[in-house]
Structures are given as C-alpha cells and as structure tokens.
2 protein chains.
Amino acid sequence: MNLSTAPESAIPRQSLTSAVADKLREEIIRGTIPEGAQLRQDAIAIQYQVSRIPVREALRQLDAEGLITIVPNRGAIVPALSPTDIEELFTIRALLEPEILKHSIPRLTENDLEEAAVVLRRYETELQHEDHLFSWGRLNWQFHSLLYSRAERPHFMNIIRNVNNSGERYTRLQLYLTHGIARANQEHHEILEFCRQRDIAGACKLLRQHIQHAGQSLKEALQQRRASD
Amino acid sequence: MNLSTAPESAIPRQSLTSAVADKLREEIIRGTIPEGAQLRQDAIAIQYQVSRIPVREALRQLDAEGLITIVPNRGAIVPALSPTDIEELFTIRALLEPEILKHSIPRLTENDLEEAAVVLRRYETELQHEDHLFSWGRLNWQFHSLLYSRAERPHFMNIIRNVNNSGERYTRLQLYLTHGIARANQEHHEILEFCRQRDIAGACKLLRQHIQHAGQSLKEALQQRRASD
DNA sequence: GTTCTTGTATTTGGATGCATTTGTACTCGC
DNA sequence: GCGAGTACAAATGCATCCAAATACAAGAAC
C-alpha cells in the first residue's frame with residue numbers, strides 16, 4: 001500500500017512545548033492574560049493538562065521573544081509597557097517594515113493582493129460586532145504579513161512578528177482610545193492600492209507614516225491615561 | 001557573623017539554564033561549535049555536568065534568539081547562513097543601529113568616549129596576536145554597544161545584540177577574507193570622532209555606511225567562496 | 001545487486017519527585 | 001502597638017526515570 005500523500009494531509013503534530021507557547025502567546029496578545037499578571041507554572045500546567053516541563057520551556061521561549069519577563073526564582077510576568085517602550089516598538093516597526101515591503105511588492109501576485117483586499121473587507125464587517133477589538137488585531141497582522149510575505153526575508157519577518165506581538169495589546173488600545181479605526185482602515189486601503197500599482201516608494205513611505213502615526217497617537221494616549229491616574 | 005559586604009562581592013548566582021545558554025552562545029559565536037554541528041543534549045549535559053533539563057531550556061532560548069535551529073524530535077543545529085541571510089542581518093543592523101546611536105550620542109559622557117577609545121586601542125594591540133580573530137569579535141561588539149549604551153532603548157538593544165550574535169562568526173570571516181581590518185578600524189575611529197563632536201547626523205550616516213559596506217563585502221566574499229566549491 | 005522491511009540503538013520529549021529559594025504570617029521581645 | 005526573627009507555605013529549579021520518535025543496520029524479498 002502506498003501511503004505517500006500530499007504534504008498538506010499530514011497530521012500536524014507539534015511538541016507540547018510549542019503548543020503551550022502558542023496558547024500562551026495568543027492569550028497574552030488577546031489580553032486574556034492581562035498585563036502585570038504572574039504566569040504560575042503549576043497553574044498553567046494544570047490548565048493545559050501537561051507537566052511543568054513544557055510550560056517552563058515555553059516560558060523561556062516567550063521570554064526570548066520579548067513577550068514576557070522571567071525573574072530568576074520568582075517566575076514570569078507580563079510586563080506593562082511604558083510610553084517609551086511603545087515608542088521603541090513602533091520605531092522599530094517603522095524602520096523594518098517598509099524595507100521588507102520594498103522587497104515583497106515586486107513579487108506580490110494578483111492573488112496575494114486579492115487576499116489582502118478580502119482581509120480588509122472582513123476587517124470592516126468585523127467592526128460591526130461586539131468583540132471587534134479582539135479580531136481586529138489578528139486581521140491587522142494578517143494584512144501586514146500578507147503584504148510582506150513574498151519578500152522571503154525570514155530574519156526580518158521573525159523580528160517584525162515578535163515586535164508586533166509585543167505591542168498588539170496596545171495597538172488595540174490605540175484604536176479604541178483615539179478612535180483611529182477609520183484612519184487606519186483608510187491608510188490600509190491606500191497602501192494596498194500603491195502595492196497594486198507597484199509603486200514601491202509610495203507604498204513604503206505611506207506604510208512608514210502609517211506606523212509612525214499609530215505609534216505617536218498611542219504614546220500620547222498612554223501618557224494622558226497615565227497622567228489622569 | 002556579619003556577612004553583609006559590598007554588592008560586587010556578592011556571589012553571582014544564576015540559574016543553570018542561563019549559565020548553559022551563555023556558555024553555548026559563546027561557543028557558537030566563537031566558532032568552537034562549528035556551523036552545521038548538531039547540539040546533542042546528552043553530550044552538552046555531560047560536558048557541563050548538569051542534567052538535560054537546563055540544556056533543553058537553554059536550547060529553546062537560543063532558538064528564539066535566532067542563534068540555532070531546533071527541528072522537532074531531531075535536535076538542534078547551528079545553521080549555515082546563506083549570502084541572502086547575511087544581507088538580511090546586515091540590513092537590519094544598518095537600519096536599527098544608526099537610530100539607537102542617534103539617541104545615545106547626546107547622553108554619552110566623556111568617560112564613555114574614553115572607554116570606547118580604550119577598546120579601539122586594545123583592538124589594535126590584539127591584532128598583533130595569533131588569536132586576534134577571536135578577541136576581535138568581542139571588542140567590536142564592546143565598541144558598538146558602548147556607543148549605544150546611553151540611548152536606554154532596551155528593545156532596540158536586544159534585537160541588535162541578537163542580530164550581531166547571529167552574524168558575528170561571519171563578521172570575522174569578512175575581516176579575514178577581505179582584509180577589511182584596517183578599514184573597519186579606520187571607520188571606528190572616525191565614528192568615535194563624530195560622537196565626540198556630537199555630530200549626530202555625521203556619526204549615524206558613517207555608521208550606516210560602515211555596516212552596509214561590511215555586509216556587502218562579506219556577501220560577495222561568501223558568494224565567491226561558494227562558487228569556488 | 002537493489003529495494004523494502006524489520007528490529008535495535010540512539011536521541012529527543014515529557015512526567016514525577018525532591019531540593020532550594022522566596023513570600024508570608026505568626027510569635028516573641030520590647 | 002511595633003519591629004525583628006522564625007517557622008510554615010508556596011513556587012521555582014533541577015535531576016531521575018519513562019515514553020515516543022527517529023536513525024541506522026542487518027536481513028529478506030524481488
């Protein structure tokens with residue numbers, strides 16, 4: 001019997017460590033695990049029905065990704081980010097993402113552009129629902145990463161993904177506090193249009209401004225919120 | 001008995017995981033562990049007289065740092081970097097490092113500048129010795145990180161450190177293959193002089209060119225070596 | 001001789017249990 | 001009532017043992 005089949009039919013087995021890391025990453029990004037929360041190895045192990053070993057390894061990985069902070073002998077916490085932290089993260093994005101977009105645009109297919117457009121339409125419909133803030137983050141990342149996907153720059157992508165993950169909680173906050181949803185959506189459409197016209201300079205410049213503006217308005221919103229406390 | 005002493009005499013206790021990670025990172029950067037080598041958990045555990053648990057956690061961390069690649073159920077290897085990988089790493093550096101230098105220069109003290117000069121002088125003397133290629137890497141990073149130290153941009157620094165670590169083996173290769181030592185040294189002195197004069201634009205521009213040139217010449221050297229194989 | 005199969009050895013992945021460290025509340029002394 | 005010391009509780013760190021997966025090699029079928 002010949003069992004050789006298409007790769008996509010393979011059962012996607014992953015280690016428990018990876019699975020736990022994915023779950024925790026998701027929960028931290030979504031805010032299910034709030035900022036400042038302590039990540040107890042025992043509690044996580046019990047919750048996911050695994051031993052503490054894969055949990056510990058997952059925590060090490062998330063620490064290296066910048067998503068959590070491990071204090072020796074005292075466990076891991078989800079750090080609260082200061083306005084200057086936010087500024088850093090968005091500055092890094094503003095520097096790296098236009099560069100990768102530059103390399104991706106010439107290789108983007110019509111299909112890629114259509115997929116990106118679909119994501120934007122889904123984004124607009126999701127905004128009608130109650131839990132739009134949660135799904136927004138994933139759709140936003142889907143849109144951005146789709147645009148970068150053809151660059152084939154794995155090191156860029158890893159860093160960009162980690163930085164986006166670290167800041168995504170706050171990106172949602174920015175949209176909520178500053179009512180920046182409409183503007184972000186508008187800019188997304190314009191960026192996509194530049195890509196469709198293969199206008200590399202235009203797309204990259206607008207993308208940089210898009211990120212810089214989001215970072216700046218978020219930083220100001222955070223400072224105001226902090227001042228009012 | 002009063003054991004309270006000055007802080008610097010405190011026994012620097014760190015977890016075995018961190019210690020193993022530091023050791024492995026050092027060995028990979030120095031090339032003691034060559035590229036393509038498999039990192040056997042058992043062998044490392046025996047070598048350092050620890051169990052495999054801290055070794056596994058250290059490997060996870062190094063994987064997240066981008067220094068090694070873990071294949072599920074098949075262990076970890078030190079990846080060989082292609083010319084395009086090298087181009088990526090140096091492009092990332094060329095984008096991030098001038099930005100952090102910009103924020104650091106205004107806060108650099110005279111003492112900082114003197115320390116950097118000391119590093120450059122040590123660099124020149126080390127070049128006389130046989131094992132100069134090894135010590136060069138550390139001194140190069142010391143110089144660069146000293147210049148960035150006052151920026152207080154931890155996210156930038158983490159990424160920059162990881163990217164430098166990933167490419168350091170090859171940076172040594174570039175100096176060796178292309179005889180770029182003299183030029184690099186010359187550029188270091190010029191960058192330091194710009195910093196001393198608080199010429200932010202000049203320093204950042206030269207730093208960017210310094211990194212870009214090193215990346216470009218290394219990429220070409222690698223392509224030639226690959227073509228001759 | 002080549003290829004496929006099967007068994008074994010090696011290696012990684014995970015669970016349990018113990019030691020060490022840290023946090024906390026209670027008590028003792030003043 | 002207040003502070004210091006101490007005992008207890010809880011969490012992390014690490015080692016040992018076991019299970020699962022992979023790599024390798026020897027042998028059988030063609």
Side-chain angles (χ1 to χ4, degrees), chain A residues 1-5 7 9-25 27-28 33-34 36-65 67-79, chain B residues 1-5 7 9-25 27-28 33-34 36-65 67-79:
Chain A
M1 186 163 71
N2 186 359
L3 280 179
S4 69
T5 52
S9 75
I11 299 170
R13 280 178 306 184
Q14 60 177 349
S15 65
L16 283 182
T17 297
S18 304
V20 171
D22 290 346
K23 278 282 187 186
L24 286 177
R25 196 183 295 110
E27 292 196 62
I28 292 171
I33 299 176
Q38 287 200 20
L39 300 161
R40 295 262 158 70
Q41 299 176 5
D42 243 343
I44 297 168
I46 292 172
Q47 180 184 351
Y48 295 144
Q49 304 267 34
V50 298
S51 83
R52 280 173 40 224
I53 296 296
V55 174
R56 288 170 55 88
E57 293 182 8
L59 291 178
R60 279 272 162 198
Q61 186 170 333
L62 296 180
D63 179 58
E65 289 176 12
L67 212 59
I68 65 175
T69 302
I70 292 180
V71 182
N73 291 319
R74 288 207 281 171
I77 62 168
V78 180
Chain B
M1 187 164 68
N2 186 0
L3 282 179
S4 70
T5 51
S9 77
I11 299 170
R13 280 179 307 182
Q14 58 178 348
S15 67
L16 283 182
T17 298
S18 303
V20 171
D22 289 347
K23 278 282 188 187
L24 286 177
R25 194 184 296 110
E27 292 197 62
I28 292 170
I33 299 176
Q38 287 200 19
L39 300 160
R40 296 267 156 71
Q41 299 176 4
D42 234 350
I44 297 167
I46 292 172
Q47 181 184 351
Y48 295 144
Q49 303 267 36
V50 298
S51 85
R52 277 173 43 225
I53 296 296
V55 174
R56 287 175 47 181
E57 293 182 7
L59 291 178
R60 280 273 163 198
Q61 185 170 334
L62 296 180
D63 179 59
E65 290 176 12
L67 212 59
I68 65 175
T69 302
I70 292 181
V71 182
N73 291 319
R74 287 208 285 171
I77 62 168
V78 180

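The shortest side-chain heavy-atom distance between A:L59 and A:L24 falls under the 4.5 Å cut-off. A:D22 places a side-chain heavy atom less than 4.5 Å from the side chain of A:Q14. By the 4.5 Å heavy-atom criterion applied to side chains, B:I68 and B:I77 are not counted as neighbours.
Between B:I70 atom CD1 and D:dT22 atom C1' there is a gap of 16 Å when expressed in whole angstrom units. A straight line from CD of A:Q14 to P of D:dA21 spans 14 Å, rounded to a whole angstrom. The separation between B:Q41 atom CD and D:dC14 atom C1' is 15 Å, rounded to whole Å. Going from atom OH of A:Y48 over to atom P of C:dG13 covers 20 Å, rounded to whole Å. Between the CD1 atom of A:I44 and the P atom of D:dA10 there is a distance of 18 Å, given to the nearest Å. Here D:dA19 presents its P atom at 16 Å from CG of A:L16, a figure rounded to the nearest Å. Residue A:R40 contributes atom CZ, which lies 12 Å from atom C1' of D:dA9 at whole-angstrom precision. Rounded to an integer number of Å, the gap from A:I46 CD1 to C:dG14 C1' is 17 Å.
The base of D:dG13 is paired with the side chain of A:R52 by a donor and an acceptor separated by under 3.5 Å.
Across all strands shown, A:I53 has heavy atoms under 4.0 Å from base atoms, whether or not it also approaches the sugar-phosphate. At a threshold of 4.0 angstrom between heavy atoms, the contacts of B:L59 with the nucleic acid are absent.
The side chain of B:R56 lies closest to C:dG13 when the candidates are C:dG13, D:dA15, C:dT12. Comparing D:dT12, D:dT16, C:dT16 by their nearest atom to the side chain of A:S51 picks out C:dT16. The B:P54 side chain lies nearest to D:dA15 when the options are D:dA15, C:dG14, D:dG13.
Residue A:Q49 is the one, among A:Q49 and A:R74, whose nearest nucleotide of DNA chain C lies closer to the 5' end (criterion: closest heavy atom). Each of A:N73 and A:S15 was assigned the nucleotide of DNA chain C with the nearest heavy atom; the assignment lying further toward the 5' end belongs to A:S15.
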Practice task
Go through A:R25 and A:E65 one step at a time and tell me if the side chain to side chain contact (heavy atoms under 4.5 Å, CB included) criterion holds.
Solution key: CA-CA 10 Å; A:R25 196 183 295 110; A:E65 289 176 12; 2.9 Å; yes
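Distances shown here put every side-chain N or O of B:T17 at or beyond 4.0 Å from the OP1 or OP2 atom of D:dG13.
The distance from atom CZ of B:R60 to atom CG of A:L62, rounded to the nearest 0.5 Å, is 10.5 Å. Going from atom CD1 of B:I53 over to atom OG1 of B:T17 covers 9.0 Å, rounded to the nearest 0.5 Å. To the nearest 0.5 Å, the span separating CD on B:Q61 from CD on A:Q61 amounts to 10.5 Å.
Summary of helix geometry: the two end axes of the helix from C:dG1-D:dC30 to C:dC30-D:dG1, each defined by five base pairs via their C1' atoms, are inclined to each other by 10° (rounded to 10°).
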